[in-house]
Amino acid sequence: MAILVTGGAGYIGSHACVELLEAGYEVVVVDNFYNSKPVVLERIREITGKDFKFYEEDCCNEVAMDRIFDENKIDAVIHFAGYKAVGESVLQPIKYYENNIGSTIALIKSMQRHECFKIAFSSSATVYGVPEYSPVPETFPLSAVNPYGTTKLYIEHILGDVYTSDPRWSIALLRYFNPIGAHKSGLIGENPNDIPNNLMPYITKVAAKELPILHVFGNDYNTKDGTGVRDYIHVVDLAKGHIAALRKILETTGIEAYNLGTGKGYSVLEIVENFKRVNNIDVPYQIDPRRPGDIDEYFADPTKAKVELGFECELGIEEMCRDSWHFIEEEKKREL
Ligand code: NAD
Ligand code: UD1
């Protein structure tokens, strides 16, 4: 059973490759290293002791995608490849539409030509726009609040139309909440080169003294301690959620959306306090004004994934904080 993983050298894709290989699937990865490094592929091999095929190609390139399908009998695709920086998407929307939507269209056309009709797509909780209540179920009305979110929403619509046109398709729209953490080996994880936008990568850079202080964006939200509340999911749990979704799409047809989150909300200060305690390290912070576009609180209703996929998160906030930091510590040792 061969699974094509687009964006498999990236943060979530690399963890999914590990879980796929450990579950006995054959894996074919395509990535253009826009936001990842070749060494990640070696690390996946090191963790699993298993080999897999890799193509350095742009998923927007239909000819390249056709070649991958010609050379491999692909049973299903997990489509991670895409750009994900919300702020950049506001400044460069066309870049986001071109890559996120363009890669999906090229991929779908190639899949159609090769009669591969099974795909799990990396969507995002961002398709819920500004949720008015939590927990957020999959039936919540969809909207987009920035071009990145619009690409996810449009791709969900496109995949819906694809299924309507041909009921042989089997499609899972996986709406991730906030992935953090890293593989327990410390070999793969998230370590952006630029100044991070997201909370956990910023915390780890402050803990590593690469940045002086964490800016907590607002403490006047309508939440338990006034700081923003999110549903953080350990990236290894998230990767396992893909295996559960894959099993489902391999044996059915249809299109379904699934929240991948824990159903629990943690505030910014709770994350900081847990991180400090679990890792016994200081994270200085200051309260700053709200970040434009942020909302007070949202977390998933994970019931559908539990009932239909048999998937439940196993790792808690302590593992998320511990593994995020362990990966950075190991990266530092490797740099010496
Ligand atoms: P990432 O940037 O670490 O991984 C994406 C990978 O895709 C990278 O390795 C990049 O080089 C590759 N890529 C991008 N465009 C490509 C193209 N045209 N052809 C080939 N490779 C290409 O991001 P991630 O955090 O692993 O996210 C994976 C997916 O999940 C993305 O689609 C993202 O939008 C979605 N998602 C991420 C989050 C999150 O917080 N990380 C939340 C919700 C959804
Ligand atoms: C962001 C994206 C969202 C995407 C999600 C997962 C925005 C506006 N939204 O969501 O589309 O799906 O990441 O990738 O970028 N915070 C701080 N200081 C920081 C960074 C964050 O206080 O330096 C706070 C935020 O205000 C928020 C929480 O931490 O309350 C989480 O922020 P972040 O990690 O950026 O994720 P989201 O805003 O939930």
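Because only heavy atoms are used, hydrogens play no part in the values below, and waters and symmetry mates are left out as well, while side chains stay in.
With salt bridges taken as basic N to acidic carboxylate O contacts below 4.0 Å, none links E273 and R277. Contact check on E270 versus K276 returns no salt bridge, with no Lys/Arg side-chain nitrogen under 4.0 Å from an Asp/Glu carboxylate oxygen. The pair E330-K333 meets the salt-bridge criterion, since a charged nitrogen lies less than 4.0 angstrom from a carboxylate oxygen. Salt-bridge annotation for K118 and D75: absent, with no side-chain N of the basic residue lying under 4.0 Å from a carboxylate O of the acidic one. Salt-bridge formation is not detected for the pair E138/K304: no Lys NZ or Arg NE/NH1/NH2 atom is positioned less than 4.0 Å from an Asp or Glu carboxylate oxygen.
Counting only residues at least two apart or in different chains, ring-ring contact (aromatic ring centres under 6.0 Å, His included) contacts with residues 225-255 comprise F80-H242, Y176-H242. Counting only residues at least two apart or in different chains, ring-ring contact (aromatic ring centres under 6.0 Å, His included) contacts with residues 201-220 are absent.
Ring centers of W169 and F117: under 6.0 Å apart, within the cut-off.
For the residue pair D296 and T223, no side-chain donor N or O sits within less than 3.5 Å of a side-chain acceptor on the partner. In this structure, a donor-acceptor pair under 3.5 Å is absent between the side chains of K84 and N35.
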Enumerate, atom names and distances included, each donor-acceptor pair closer than 3.5 Å involving a side-chain atom of residues 125-132, sequence neighbours excluded.
residue	atom	partner	partner atom	Å
Y128	OH	R175	NH1	3.0
Y128	OH	N259	OD1	2.6

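L336 belongs to no hydrophobic cluster with other residues, because no ILVMFWY side-chain heavy atom falls under 4.5 Å from its own, directly or through intermediates.
For the side-chain contact (heavy atoms from CB on, under 4.5 Å) test, residues two or more places apart in sequence or in another chain that qualify with K50 are L21, T48. For the salt bridge (charged side-chain N to carboxylate O under 4.0 Å, His left out) test, no residue two or more places apart in sequence or in another chain qualifies with E22.
For the pair R113 and F69, the cation-pi test (distance below 6.0 Å, angle within 45°) is failed.
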